[in-house]
There are 2 protein chains.
Amino acid sequence: MSSPTRPRARVTIRHVAEKAGVAVGTVSRVLKGADTVAPAIAERVRAAIAELRYVPSLAAQSLRGQGSRTIGCIVPDVSNRLYAQVVDAVKDAVRARGYSIIVMNTGHVVDREVRSIETAMRWDVEGLILVGGFEDRPEVEALLGRLGFPLVQIDRARADTTTVRVDHGKGLREAIGYLLAAGHRRIGLVTPDGSSLQSRERMRAFEEICRAEGAEDNLALVRCVEVNENAGYDAAYDLLTAEAPPTAVVTLGGDVLAGVLRFVRMRGIELPRDLSLVAIGDNELTRSLDPPLTAVSWNFRALGASAVDALFARILGRESDEGRITTIDCRLIERESVRRLDPSAAGDG
Amino acid sequence: MSSPTRPRARVTIRHVAEKAGVAVGTVSRVLKGADTVAPAIAERVRAAIAELRYVPSLAAQSLRGQGSRTIGCIVPDVSNRLYAQVVDAVKDAVRARGYSIIVMNTGHVVDREVRSIETAMRWDVEGLILVGGFEDRPEVEALLGRLGFPLVQIDRARADTTTVRVDHGKGLREAIGYLLAAGHRRIGLVTPDGSSLQSRERMRAFEEICRAEGAEDNLALVRCVEVNENAGYDAAYDLLTAEAPPTAVVTLGGDVLAGVLRFVRMRGIELPRDLSLVAIGDNELTRSLDPPLTAVSWNFRALGASAVDALFARILGRESDEGRITTIDCRLIERESVRRLDPSAAGDG
DNA sequence: CACCACGGGACAGAATCCTAG
DNA sequence: CCTAGGATTCTGTCCCGTGGT
């Protein structure tokens with residue numbers, strides 16, 4: 001009704017200047033924090049801004065060289081809860097600094113990774129956070145090498161890059177240690193394949209601990225899977241219908257866990273009586289199940305916040321942090337999905 | 001190592017032009033899809049672009065060109081799975097059209113809603129999608145009234161605005177009808193408070209069906225809660241420790257459901273023997289529980305895709321759609337969390 | 001003379017710096 | 001010396017004009 005075709009009715013700084021009867025430069029000065037503007041004029045300008053509902057154009061500010069006040073965040077899959085929580089923490093930390101964030105999904109597809117990085121460049125982001133998992137292909141490496149703005153990675157392995165990582169190795173060692181103490185000897189592991197840093201850490205830790213305990217047999221009980229429900233189901237089927245099935249399984253959370261549970265339910269396996277289960281990654285699913293699952297947990301908010309801290313340290317010029325690695329702790333939350341198998345091994349008091 | 005202080009070494013269209021030995025206008029023409037450029041020149045330009053790794057600045061394009069190729073998406077809480085899935089669908093549909101998206105969280109806080117809308121304006125978004133829930137306060141209304149770009153809402157009630165909504169009323173009617181058919185008479189409902197559109201629809205449907213069935217008593221078994229785990233726990237406590245507790249409860253999914261389940265487990269209540277439970281919103285939690293929960297489900301991707309369709313119809317000039325309301329279906333997924341109470345009422349074969 | 005490909009310049013909005021009052 | 005005006009800058013797009021056929 002108001003106007004048939006609204007021709008980009010943007011209110012610009014000039015409209016404000018005209019309304020307030022001053023020059024555009026003066027309005028700009030008021031906006032940036034009135035250093036050298038007479039109070040009366042500043043007040044007139046502010047009144048005009050409020051009345052016209054003027055909102056400065058980020059495009060223009062960015063173009064002029066203020067920086068875009070934006071950071072990019074590239075994630076394999078935001079609908080995955082594990083990543084979603086990290087991204088959420090990053091988002092909050094970024095917003096707290098008055099910056100905006102654009103989040104991009106790659107779905108683990110190289111081509112989309114490349115395009116995501118290019119999108120970040122198109123936006124003139126002031127910094128980039130790369131979240132999660134997989135090893136970089138040459139094309140991605142090449143792009144990351146000449147970004148022109150700071151890069152921080154979360155749970156990734158790129159060399160010479162500021163990194164915040166979760167101590168997945170320690171988490172897995174705690175889980176296995178706990179299961180061993182409970183008398184389990186045949187222990188399975190379901191984790192993504194080795195192109196993911198986290199998974200490699202877990203597998204290395206698993207191997208070390210198994211060798212140390214003389215339980216090398218367990219190395220045959222590792223299942224590397226895609227991150228989806230059916231893969232979890234298949235892995236569970238594969239492990240638990242074997243001749244000598246494990247008495248305990250440590251599995252990635254989220255959809256993979258959901259698949260494992262589907263198999264467990266279908267077979268009428270009762271937790272923890274027939275099988276002990278430890279989840280990697282803690283959330284409302286692990287907490288809400290009956291029995292609630294013992295899980296390897298880490299602080300998503302700390303992870304995101306640390307990454308943003310590191311990124312802004314670099315944006316704000318402290319180059320010294322380049323290449324620094326921050327490690328976030330990982331610990332076991334004991335719940336009720338693990339059975340004590342061998343009283344003599346576990347009983348101490 | 002490469003350069004002590006990198007002074008925004010952005011490659012611009014002019015560098016490309018120089019390298020290719022052409023004018024900037026020609027480069028621009030090649031970029032926009034070679035209309036009237038000689039093939040040989042176009043090839044030279046493309047080579048220069050590739051070699052210099054030129055990526056056009058979105059800020060500049062946005063400023064001079066038609067639009068920012070960006071749409072905004074405002075959500076109460078992305079870490080909530082229900083919203084996360086909608087946002088994900090929106091994200092994909094937007095990307096499929098070559099647009100970028102910026103997602104903003106409000107946490108249901110008015111001030112953050114206002115700032116989110118202003119952020120969208122700063123970005124010069126070409127359209128805005130408002131997701132979820134609560135009624136608008138006057139300040140928000142005022143801003144939305146004079147946006148200057150198309151607005152589509154999902155599951156919101158603003159008048160005269162293109163809307164895509166889920167038929168929560170139908171979903172609830174199906175759930176209650178199913179429970180009634182299974183012989184349940186005392187049925188509880190746990191849902192957010194009435195300032196959310198979805199919740200009001202549910203409560204209205206609940207009231208209608210209860211009156212129609214002469215089960216007005218159930219109106220006292222409605223619990224309006226905050227959307228978090230403790231609120232779910234408290235509501236369950238309140239309902240199930242009463243003198244005449246319901247035999248069935250329909251509850252919002254996600255964190256609220258997790259709280260309800262926590263109470264259920266603590267009390268040793270067995271599903272569905274001691275209590276029948278229907279979840280609103282279906283995801284891997286409802287599917288993975290033992291027993292898997294009967295749930296009210298709707299198609300998140302269709303919801304997001306419809307909203308984006310409607311938005312682009314408006315962006316691309318078809319104003320006729322303004323104010324149109326699209327409804328997404330909502331249906332009950334039968335699983336194993338509902339017990340048949342009364343064989344005479346339920347048995348038919 | 002008309003037509004087409006390309007060059008060149010103005011312009012979008014905000015910030016900064018120089019100058020004038 | 002202090003304040004405010006105004007020109008200039010950033011990058012990509014659009015339009016007009018020119019030169020060649």
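In what follows, chains carry the letters A, B, and so on, assigned in the order in which the sequence lines appear, proteins first and then strands, with residues in each chain numbered from 1.
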Practice task
Take the protein atom CZ of A:Arg69 and the nucleotide atom P of C:dA15, then report the distance between them rounded to whole Å.
Solution key: 11 Å
Problem - Minimum-distance nucleotide (side-chain atoms of A:Arg29 versus D:dG6, C:dA5, D:dG12) - result: D:dG6
Practice task
Assign each of B:Arg64 and B:Gly21 to its nearest nucleotide of DNA chain C by heavy atoms, then name whichever residue's nucleotide is nearer the 5' end.
Solution key: B:Gly21
Exercise for the section: Ignoring backbone atoms, establish whether B:Gln61 has a side-chain N or O less than 4.0 Å from OP1 or OP2 of D:dT11. Expected result: no
Practice task
Using only side-chain N and O atoms of A:Thr12, determine if any of them is under 4.0 Å from OP1 or OP2 of C:dG13.
Solution key: no
Practice task
Whole angstrom is fine here: how far is it from CD1 in B:Ile13 over to P in D:dT11?
Solution key: 11 Å
Practice task
Would you mind reading off the distance between B:Met121 atom CE and C:dG13 atom P, rounded to a whole angstrom?
Solution key: 14 Å
Problem - Any A:Tyr54 side-chain N or O less than 4.0 Å from OP1/OP2 of C:dG13 - result: no
Fill in the blank from the handout: With the side chain defined as heavy atoms from C-beta on, B:Ser28 is closest, among D:dT13, C:dA14, D:dG6, to D:dT13
Exercise for the section: Quick one: pull up CZ in A:Arg53 and CE in B:Met121 and give me the separation to the nearest 0.5 Å. Expected result: 8.5 Å
Problem - Salt-bridge present (A:Arg137, A:Asp111; N to O < 4.0 Å) - result: no
Handout entry: Between C:dA10 (P) and B:Leu63 (CG): distance, integer Å
Key = 17 Å
Exercise for the section: Would you classify A:Val22 as touching base, sugar-phosphate or nothing, given that sugar-phosphate means primed atoms plus P, OP1 and OP2, and contacts are heavy atoms under 4.0 Å? Expected result: sugar-phosphate
Practice task
Could you work out which one of C:dG7, C:dG13, D:dT13 sits closest to the side chain of B:Val24?
Solution key: D:dT13
Handout entry: Contact under 4.0 Å: A:Ser62 side-chain N or O vs C:dA14 OP1/OP2
Key = no
Handout entry: B:Thr26 side-chain N/O to C:dG7 phosphate OP1/OP2 under 4.0 Å
Key = yes
Problem - Closest non-hydrogen atom pair, A:Ser62 against B:Ala59 - result: OG-CB, 3.8 Å
Practice task
Using a heavy-atom cut-off of under 4.0 Å over every strand shown, decide if A:Ser57 touches base, sugar-phosphate, or nothing.
Solution key: sugar-phosphate
Exercise for the section: Rounded to the nearest angstrom, tell me the gap between atom CG in B:Leu58 and atom P in C:dG13. Expected result: 17 Å
Fill in the blank from the handout: DNA chain D nearest-nucleotide lookup for A:Ala23 and A:Arg14: closer to the 5′ end is A:Ala23
Problem - Interatomic distance, B:Leu143 atom CG to B:Leu128 atom CG [nearest 0.5 angstrom] - result: 10.5 Å
Exercise for the section: Under the side chain to side chain donor-acceptor pair (under 3.5 Å) rule, what do A:Thr162 and A:Arg314 come out as? Steps first, then yes or no, please. Expected result: CA-CA 9 Å; A:Thr162 310; A:Arg314 305 259 321 277; 3.2 Å; yes
Exercise for the section: Would you mind reading off the distance between A:Arg44 atom CZ and D:dT3 atom P, rounded to a whole angstrom? Expected result: 15 Å
Practice task
Using atom CH2 of A:Trp123 as one end and atom P of D:dC10 as the other, report the distance to the nearest whole Å.
Solution key: 23 Å
Practice task
Would you mind telling me which of C:dA14, D:dG6, D:dT3 lies closest to the side-chain atoms of A:Ala38?
Solution key: D:dT3
